[in-house]
Amino acid sequence: MIITITPNPSLDRTLEVQVLEPGEVNRAHATRVDAGGKGINVTRALSADGFSSVAIFPSGGSDGARLVAELRDGGVVARPVETGTDTRSNITVVDGRGSTTKINAPGAPMTEAAVQALLDALADEVRLAVDAGEHVLVVGAGSLPAGAGDDFYVRVAQVAARSGVPTVLDTSGAPLRAAVAAGGLTLVKPNEDELAELVGRPLTTVGAVVDAAHQVMECGVTAVLVSLGAHGALLVAPGSVLWAGGPALVPASTVGAGDVTLAGFLSALVDAPHGPASVDSDISADALRRAVAWGRAAVLLPGSAVPAPHDIHLDDVETLTDPSRHIALKEL
């Protein structure tokens, strides 16, 4: 069972235009609405491919009600926590070239009572899954609204640790720094820009990324999965460095693709004989191949749609052990 917690969810509205002209009247030829937020996207992707997952998130207002309805209509298990504030709505514009422009709302401020309600819901779901004898993994994902506190994900990991459950994190900025400094995470999944911000220097080569990942691991993080967009992904785990990627694609939308990439990786951890407690050499290559295949499938779909099993093509993904440290990321 993978339990995701998304403190800043959104109702994602996607508009498709042939050409986006700033400062002019633009007419969309297609629109769609999806439940959004990084952890929610992870749960949606896992659920679409037959893996057990539940999404915990704050909810309020008409957009919050529609977000919950979208999830339940899609067969996604959701545990919304009513906070008395409106759920935000994000806008994505995709043009005919596949270029994506996003405008993300900040999200309503969160009170300490709302934060505690989310953490209490997480504790309940963890306890239920552990008592049922399931292998459990907690995923904290996404930005934080004002009031949540930069230590929000530190508190999430503490809730999980009290039940002996590992935590995976996908966030950036101050919340990522706080959680990495606290240690005890099984996996973090930054992209190369987020990792560069974390370590305070530019990362342009494989070696630079690997060194940065090792610096993060020295803080008590088991493994680092670095998404590289069109250039695949790097996994730095104890004793190993792996890269995976595939032929170039023309994207329909990149929204949520990184979240689906993480979901693919986690699907392999759940399938591991001893559960998702660690990222070891026996499952690393399979997990990374799944991650990239799921992410590639996602970018070929509109909006923040998630791929079904028939959309995912593992054979299109190449893996490489110990890629040369001197390769530029843009050359992968």
Side-chain angles (χ1 to χ4, degrees), residues 2 41-53 74-75 94 97-98 100 135 137 139 168 170 187 189-192 206 209-210 213 223-237 239-276 278-324 327-332:
I2 294 178
N41 290 337
V42 169
T43 289
R44 290 172 58 224
L46 289 165
S47 300
D49 283 76
F51 293 90
S52 296
S53 183
V94 181
R97 301 169 301 168
T100 299
H135 292 305
L137 181 70
V139 179
V168 168
D170 184 2
L187 179 78
K189 193 214 75 67
N191 61 35
E192 72 268 33
V206 169
V209 171
V210 170
V224 181
L225 173 62
V226 186
S227 54
L228 304 173
H231 304 290
L234 277 165
L235 174 65
V236 183
S240 68
V241 177
L242 295 168
W243 170 83
L249 298 171
V250 178
S253 172
T254 59
V255 180
D259 310 327
V260 176
T261 296
L262 177 58
F265 191 91
L266 299 179
S267 73
L269 296 192
V270 172
D271 276 348
H274 303 295
S278 64
V279 181
D280 58 40
S281 57
D282 293 336
I283 64 168
S284 292
D286 177 49
L288 187 59
R289 180 179 287 109
R290 289 199 205 185
V292 171
W294 285 41
R296 286 171 58 84
V299 302
L300 297 178
L301 300 173
S304 53
V306 297
H310 65 266
D311 297 313
I312 298 167
H313 304 290
L314 292 174
D315 291 343
D316 290 344
V317 178
E318 172 192 2
T319 59
L320 179 64
T321 301
D322 293 324
S324 171
I327 298 176
L329 298 181
K330 64 182 181 181
E331 295 175 358
L332 286 169

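Every heavy atom of this structure was used, including side-chain atoms; hydrogens, water molecules and symmetry mates were not.
- A heavy-atom distance below 4.5 Å is found between the side chains of Ile283 and Leu269.
- Note that the OG atom of Ser253 and the CG atom of Leu300 stand 10.5 Å from one another [nearest 0.5 Å].
- Put simply, the residue from Asn191, Asp259, Thr261, Val139 that forms a side-chain contact (heavy atoms from CB on, under 4.5 Å) with Asp170 is Asp259.
- For the atom pair CG of Leu187 and CG of Leu235, the computed distance is 7.5 Å after rounding to the nearest 0.5 Å.
- Nearest heavy-atom pair, Gly295 versus Val260, reported as atom, atom and distance to 0.1 Å: N-CG1, 4.3 Å.
- Between Thr43 and Ile2, every side-chain heavy-atom pair lies at or beyond the 4.5 Å cut-off.
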Does Ile327 form a side chain to side chain contact (heavy atoms under 4.5 Å, CB included) with Trp243? I'd like the steps, not just the answer. CA-CA 12 Å; Ile327 298 176; Trp243 170 83; over 6 Å; no

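- Here the options are Val224, Leu225, Leu228, Leu242, the test is side-chain contact (heavy atoms from CB on, under 4.5 Å), and the partner is Leu234; only Leu228 passes.
- Leu329 and Glu192 make their closest contact through CD1-CB, 4.2 Å (heavy atoms, listed as atom of the first residue, atom of the second, distance).
- Counting all heavy atoms, side chain and backbone alike, Pro307 lies closest to Ala297 at CB-CB, 3.6 Å.
- By the 4.5 Å heavy-atom criterion applied to side chains, Arg296 and Pro247 are counted as neighbours.
- Residues Val255 and Thr100 meet the side-chain proximity criterion, which asks for heavy atoms closer than 4.5 Å.
- By the 4.5 Å heavy-atom criterion applied to side chains, Trp294 and Asp49 are counted as neighbours.
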